[in-house]
Amino acid sequence: MGRTTQETIAFCIYLAVVLTIGIVFFVKGRKEKGGDKSYFLGNRNMNGLVAALSAGASDMSAWVLMGLPGSIYLYGVGQVWIAIGLLIGTVSAWILVAPQLRRFSIIADDSITIPQFLTNRFKSKSPVLLIISAVVFIVAYCVYAASSIDACGTLFQQVFSFNEDKKHWVMIGATAIILIYTFLGGFNAVCWTDFVQGLMMLGAIMAVPIIACVAMGAADFAPVKPVVENANYYNLLSSGKADWKSFSDILSGLGWGLGYFGMPHILVRYMAIRSEKEMKKSRVTGIIWTGLILIMACVVALVGHEYLGGALKEGEQKLVFITMVRDLFPAFLGGILLSAILAASMSTADSQLLASSSAFASDVYKKVIRKDAKDKEMLFVGRLVVAVISVVALIIALSPGNGGIMALVEAAWGAFGAAFGPVILLALHWKRFNYAGAVAGVASGFIVDALWYAFLSGPTGLYEIIPGFICGMIAAIVVSNITKEPSEKVLEMFERAKKPVD
């Protein structure tokens, strides 16, 4: 049996598992009550361990196995600031956001989405924030989901030596599979598949560099292709000196951590945890899992630099993990490890599709278009939105000028972090914060992020999330201070949210 056949069997086994999970939760969901709350938030009954790995897996898309290691492999240690920023961000989010958001979302009329929480938080009947948030969700998630679809196509193209036409068919197939199990099981199916995928990702990213180091210990080892060493490769300052290039790279890398405060598909995992006790378990598990994944992604890159040498040139660096797996492991086991890329891609894409559909169905359709919509109608609309966003994301992924996996993730991550990050932090921790400030914060953060991305990110070298986040925070604070104070009911709700809720 040839290598390609064995890898295909491994992929099929993985896909069968995730589809089975979707079917199981579809059957289970038909017997339960809960409507949109069940479909979009799992009735707030998520196990702490599952919630933690689901939050991590939905966060760490294929870029952590392809984009990040590839960037460090090609450009050097100066790129690890992204991993450092993300680690600081995830720790901060689990401490400053997760427990408070879970409590506050329950007290704020049992909110099931982030836009809904921000509206209920201020006892507002205005649909403005819901509509703005839905626009941000749909735009950013179309781009984000495209990166996951692109990663699936790249994986199969490398394994099976497909031409571009066949790669397109693979991307269409991957989109269909993600769509099916998101359709079937909703939030529970997504979280449980994320749990399985999170374990796969961790196992794969730890195994590859360990086996590579063992192989390099052999007396006759030589890199696949010798590399002409960059004098600054192992320097944390990317340019080798304290200039603007190094400074902007450090700031931009650390700026990635700001995204955790505003990433809706991660934040809803915090809201779904069943109790304060489970929250503590989730926090520890989530921080450890994310820390290990980020550390090992950097290790994969550095070990790959020694193992592969200069085998991968610019434009091919995202293949470092794939190339090492195929070179080091037997075919079937290699296929299982490569399935981790599918896991990373799908675990993020399904979460994004569900979050965007909930933003439209629960927050716009039911609150603005049809206020008397029943549960079945809501679920139909939510699934319709999932399908539409999937198609748009597929079109972006198929576009030859999409910029690649890392560029797509960077754009979407920046948009969410700048739009929602400041507002979420202020909503949870500032008593004087009001609805007008929240609207100003979301709109300003998103607009500044988009304009900086379009016109200034290239000339300055500074990641757009940083000016977007700062401007969003300033706008939210200034507008809140010059407009009417929150009502007594809102202030009383803020005080109640400080106390544990089980």
| query | Could you go step by step and tell me if W452 and Y463 meet the ring-ring contact (aromatic ring centres under 6.0 Å, His included) rule? | reply | CA-CA 8 Å; W452 194 280; Y463 187 16; over 10 Å; no
| field | Stepwise side chain to side chain contact (heavy atoms under 4.5 Å, CB included) test for S92 and F261 | value | CA-CA 8 Å; S92 301; F261 301 124; 3.7 Å; yes
| request: Give the C-alpha distance, both sets of side-chain angles, the deciding distance and a yes or no for side chain to side chain contact (heavy atoms under 4.5 Å, CB included) between F469 and E464. | output: CA-CA 8 Å; F469 191 96; E464 61 271 11; over 6 Å; no
| request: Show your reasoning for whether side chain to side chain contact (heavy atoms under 4.5 Å, CB included) applies to I114 and L101. | output: CA-CA 9 Å; I114 294 303; L101 181 59; 4.1 Å; yes
| request: For V448 and I470, run side chain to side chain contact (heavy atoms under 4.5 Å, CB included): C-alpha distance rounded to whole Å, both residues' side-chain angles, the deciding distance at 0.1 Å, then the answer. | output: CA-CA 9 Å; V448 170; I470 292 171; over 6 Å; no
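Between the side chain of S444 and the backbone N or O of G441, no donor-acceptor pair lies under 3.5 Å. Of the possible polar contacts, one joining the T323 side chain to the L319 backbone as a donor-acceptor pair under 3.5 Å is found. Formation of a donor-acceptor pair under 3.5 Å by the S133 side chain with backbone atoms of L129 is found in this model. Under the 3.5 Å distance criterion, the side-chain polar atoms of S111 are left unmatched by any main-chain donor or acceptor of T113.
When side chains are defined from C-beta on, L328 counts as touching Y307, because their heavy atoms get closer than 4.5 Å. Counting only heavy atoms from C-beta outward, the side chains of F11 and Q6 never approach each other to under 4.5 Å. Between K318 and D150, some side-chain heavy-atom pair lies under the 4.5 Å cut-off. In this structure, the side chains of W256 and I88 stay at 4.5 Å or more apart for every pair of heavy atoms. Within the 4.5 Å cutoff, side-chain heavy atoms of M206 are placed close to those of L202. A 4.5 Å side-chain heavy-atom check between I82 and L294 finds every atom pair outside the cut-off. The shortest side-chain heavy-atom distance between W81 and S238 does not fall under the 4.5 Å cut-off. Side-chain contact between V80 and L68 is absent, with no heavy-atom pair separated by less than 4.5 Å.
The CD1 atom of I84 sits 10.0 Å away from atom CD1 of I295, with the distance rounded to the nearest 0.5 Å. Interatomic distance, M171 CE to L398 CG, rounded to the nearest 0.5 Å: 4.5 Å. The CD1 atom of I389 sits 10.0 Å away from atom CG of L384, with the distance rounded to the nearest 0.5 Å. The CG atom of L53 lies 8.5 Å from the OG1 atom of T290; values are rounded to the nearest 0.5 Å. L118 contributes atom CG, which lies 11.5 Å from atom CD1 of I132 (distance to the nearest 0.5 angstrom). Here the straight-line distance linking atom CD1 of I205 with atom SG of C298 works out to 8.5 Å at 0.5 Å rounding.
Contact detail for M200 and I336: the closest heavy-atom pair is CE-O, 3.9 Å. The two residues A51 and I273 come nearest to each other via the heavy atoms CB-CG1, 3.6 Å. Contact between A146 and I396 at its shortest, heavy atoms only, is CB-CG2, 3.6 Å. Considering every non-hydrogen atom in both F329 and A207, the closest pair reads CZ-O, 4.1 Å. For the pair G198 and W289, the tightest heavy-atom approach, listed with the atom from each and the gap, is O-NE1, 3.1 Å. Shown here for G304 and V320, the closest heavy-atom pair between the two residues is CA-CG2, 4.2 Å.
A centroid separation of less than 6.0 Å is found between the aromatic rings of Y260 and W413. Taking the six-membered ring wherever Trp is involved, the centroid distance between the rings of Y233 and Y73 does not fall below 6.0 Å. Aromatic rings from Y141 and F416 are positioned such that their centres are separated by under 6.0 Å.
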